[in-house]
Amino acid sequence: MNPETPDMIGTGEICLAHELGPRDAAGIRDRVLAALRGGGAIVVDTTEATGMHVAILQILLALARDAALAGRPFTLIAPPGGACATAFERAGLDLPGQARAA
């Protein structure tokens, strides 16, 4: 996935890059809803994100839940020590589909 193109890359593929705050939430929500309307697996790549507000975490958690309810595979690419993994850890939340290390 190309982080320079933060829009939907393909059906169910979303790349989140740069600092992501509350002002980005509506646009990300719209991309997530479009991915849910499509078919197949949903992949969100946060490798190039440099910061992530709790509002974005809420969207990712809802996406993981809705994908599971729809029987759709969901993958969150969130490298250890990256902005997404760190934001989930600071919020005291598990990464969707993964257990936090003890």
Side-chain angles (χ1 to χ4, degrees):
M1 288 183 215
N2 182 355
E4 296 305 316
T5 309
D7 293 325
M8 190 139 34
I9 306 301
T11 303
E13 298 179 17
I14 301 170
C15 181
L16 299 180
H18 311 293
E19 182 75 25
L20 300 167
R23 291 182 179 166
D24 301 303
I28 292 170
R29 181 207 61 219
D30 291 344
R31 295 187 330 204
V32 160
L33 291 174
L36 283 169
R37 284 191 296 270
I42 298 172
V43 178
V44 177
D45 186 347
T46 66
T47 303
E48 297 298 321
T50 58
M52 199 166 287
H53 188 271
V54 69
I56 309 307
L57 304 184
Q58 292 171 328
I59 292 169
L60 294 174
L61 288 169
L63 173 58
R65 180 201 63 220
D66 290 350
L69 289 172
R72 305 261 308 277
F74 172 75
T75 301
L76 177 63
I77 301 170
C84 184
T86 300
F88 270 95
E89 183 178 333
R90 286 184 181 157
L93 299 168
D94 291 335
L95 284 166
Q98 301 176 21
R100 214 176 43 202

Participant: Can you find a heavy atom in the side chain of Cys84 that is under 4.5 Å from one in the side chain of Leu20?
Facilitator: no

Participant: Just how far is it from atom CD1 of Ile56 to atom CZ of Arg29, taken to the nearest 0.5 Å?
Facilitator: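 So the CD1 of Ile56 and the CZ of Arg29 are separated by 11.0 Å.
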
Participant: Taking all non-hydrogen atoms of both residues into account, name the closest pair between Ala83 and Gly51 and its distance.
Facilitator: CB-N, 3.5 Å

Participant: Nearest 0.5 Å, what's the CG-CD1 distance between Leu33 and Ile59?
Facilitator: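 Here the rounded value is 9.0 Å.
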
Participant: For Met52 and Glu19, work out which heavy atoms get closest and say how close.
Facilitator: N-OE2, 4.4 Å

Participant: About how many Å separate NE2 of His53 and CD of Gln58, when rounded to the nearest 0.5 Å?
Facilitator: 8.5 Å

Participant: Indicate yes or no: at least one non-hydrogen side-chain atom of Phe74 is less than 4.5 angstrom from one of Asp66.
Facilitator: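 Heavy-atom side-chain distance check fails, nothing below 4.5 Å.
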
Participant: In this structure, which one of Val54, Asp94, Leu93 forms a side chain to side chain contact (heavy atoms under 4.5 Å, CB included) with Phe88?
Facilitator: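 Exactly one candidate clears the test, Leu93.
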
Participant: Working to the nearest 0.5 Å, report the span between CG of Leu95 and CG of Leu57.
Facilitator: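 Reported to 0.5 Å precision, the distance equals 9.0 Å.
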
Participant: What's the spacing between Leu16 CG and Leu60 CG if we round to 0.5 Å?
Facilitator: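 Between atom CG of Leu16 and atom CG of Leu60 there are 6.5 Å.
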
Participant: For the residue pair Pro80 and Ala85, what are the closest heavy atoms and their distance?
Facilitator: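 Minimum heavy-atom contact is CA-CB, 4.3 Å.
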
Participant: What is the distance from atom CG of Leu69 to atom CG of Leu36, rounded to the nearest 0.5 Å?
Facilitator: 10.0 Å

Participant: Return the minimal non-hydrogen interatomic distance between Ala67 and Ile42, and the atom names on each side.
Facilitator: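 Heavy-atom minimum between the residues: CB-CD1, 4.2 Å.
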
